[in-house]
Amino acid sequence: MDYFFNFLKLFQGLVAKNVKITHLGLDNVSSICAIDVAYKGNIGFAAAIRKADNQIEKRVISGNIDLPYVPGFLFIREAPIMIKALEGFQCDLILVDGHGLAHPRKSGIATVIGVLIDKPVIGVAKSKLIGEIVNEGNREYIIVNGEKVGIKSGKYFYSPGNLTDLDDCISLSSKGYPDILKLADKLSKEAKK
DNA sequence: GCGACAG
DNA sequence: ATCTTGTCGC
């Protein structure tokens, strides 16, 4: 199992080299998607929500997830089913439950998904994985190796996944925890029942 | 060796 | 993430 995770690290290194940190601008976003996964034993239930104008589309799929959860390697468990759940949903921005750049190898699940499907992604996590929280101005930044890799707002952590930047994260966080993520969380948890 | 550790 | 009762707070 040792060489397996070593391989995953190499993969994450490749992902990190291909991330594009660019400003998206939430004003240009008219369609947005969110995904979350809930479990019932080894079965994962992925919920994808798409919101455009006032139209909301939902999708839930399920599948076996046997690999163990190891901090820093969440993507190997959830990225495959999340990508599948998003299939066919056109979105200007995707919100993923987990970190993006705020990761030991700058390759959290939001980054992996964003690079693989080449779409704008922002990672929103409920707890910290790495970094120290530093107050500057009126905000709390997630600092890793002296670099601002994300921002903390309230009890949540936002970091760029792909084709977005810190400013986008700040804009998003200023609106509070996204309703669409709450919906995805709720839907996935309902599905496992 | 010890603490930290997305979901 | 999930297992779970009562309990503190808005």
Side-chain angles (χ1 to χ4, degrees), chain A residues 1-2 4-6 8-9 11-13 15-16 19 21 33-49 60-86 94-116 121-134 140-145 147-162 164 166 168-169 172-173 176-178 180-193:
Chain A
M1 220 52 168
D2 196 32
F4 179 69
F5 283 94
N6 194 53
L8 295 184
K9 283 185 183 176
F11 177 80
Q12 290 178 315
V15 166
V19 182
I21 301 303
C33 290
I35 40 183
D36 194 12
V37 178
Y39 297 86
K40 182 178 184 182
N42 296 314
I43 304 179
F45 295 82
I49 309 285
V60 176
I61 62 172
S62 62
N64 260 70
I65 297 181
D66 295 316
L67 293 168
Y69 163 71
V70 177
F73 301 95
L74 171 65
F75 85 96
I76 199 61
R77 272 169 69 80
E78 303 192 345
I81 197 169
M82 280 182 164
I83 288 173
K84 177 65 179 177
L86 285 169
I94 298 169
L95 269 29
V96 170
D97 194 359
H99 293 284
L101 281 191
H103 176 278
R105 293 169 289 284
K106 291 174 176 270
S107 189
I109 189 169
T111 305
V112 172
I113 290 175
V115 170
L116 291 183
V121 176
I122 287 178
V124 183
K126 303 180 191 69
S127 61
K128 194 184 73 173
L129 172 62
I130 193 179
E132 71 176 293
I133 307 305
V134 175
E140 300 178 286
Y141 293 95
I142 306 171
I143 308 292
V144 175
N145 295 323
E147 182 188 358
K148 293 187 179 75
V149 294
I151 187 160
K152 179 174 188 284
S153 178
K155 43 191 290 199
Y156 301 103
F157 303 77
Y158 303 71
S159 63
N162 189 41
T164 54
L166 194 55
D168 291 319
C169 291
L172 182 67
S173 69
Y177 189 71
I180 193 170
L181 270 175
K182 289 182 184 173
L183 256 177
D185 177 72
K186 182 185 172 192
L187 191 57
S188 65
K189 282 175 179 167
E190 266 171 20
K192 70 169 187 174
K193 295 177 182 175

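Computed from a predicted structure; not experimentally measured. Sequence lines set the chain letters: A, B, ... in the order given, protein chains first and strands last, and positions in each chain run from 1.
A heavy-atom distance below 4.5 Å is found between the side chains of A:C33 and A:I94. Taking 4.5 Å as the limit, every side-chain heavy atom of A:V121 sits out of range of all side-chain heavy atoms of A:T111. The closest side-chain heavy-atom distance from A:I122 to A:C169 is below 4.5 Å.
In secondary-structure terms, DNA chain B builds no stem of at least 3 consecutive Watson-Crick or G-U pairs having both distances under 3.5 Å.
Computed from coordinates, the A:D185 CG to C:dA1 P distance equals 6 Å when rounded to whole Å. Straight-line distance from the CG atom of A:N42 to the P atom of C:dT2: 13 Å, rounded to whole Å. Across the protein-nucleic acid pair, A:I65 atom CD1 and C:dT2 atom P stand 11 Å apart, rounded to whole Å.
Contacts between residues 186-193 of chain A and DNA chain C, counted as heavy-atom distances below 4.0 Å, involve A:K189, A:K192.
Using cut-offs of 30° and 60° for the angle between ring planes, the A:F5 and A:F73 rings count as perpendicular.
As judged by a 4.0 angstrom heavy-atom cut-off over every strand, A:A38 is placed among residues touching the sugar-phosphate backbone only.
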**Prompt:** For every nucleotide of nucleotides 2-7 of chain B, 5' to 3': is a protein heavy atom under 4.0 Å from its base (B), only from its sugar-phosphate (S), or from neither (-)?
**Reply:** ---BBB
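Side chains of A:E78 and A:Y69: a donor-acceptor N/O pair is absent below 3.5 angstrom, by distance only.
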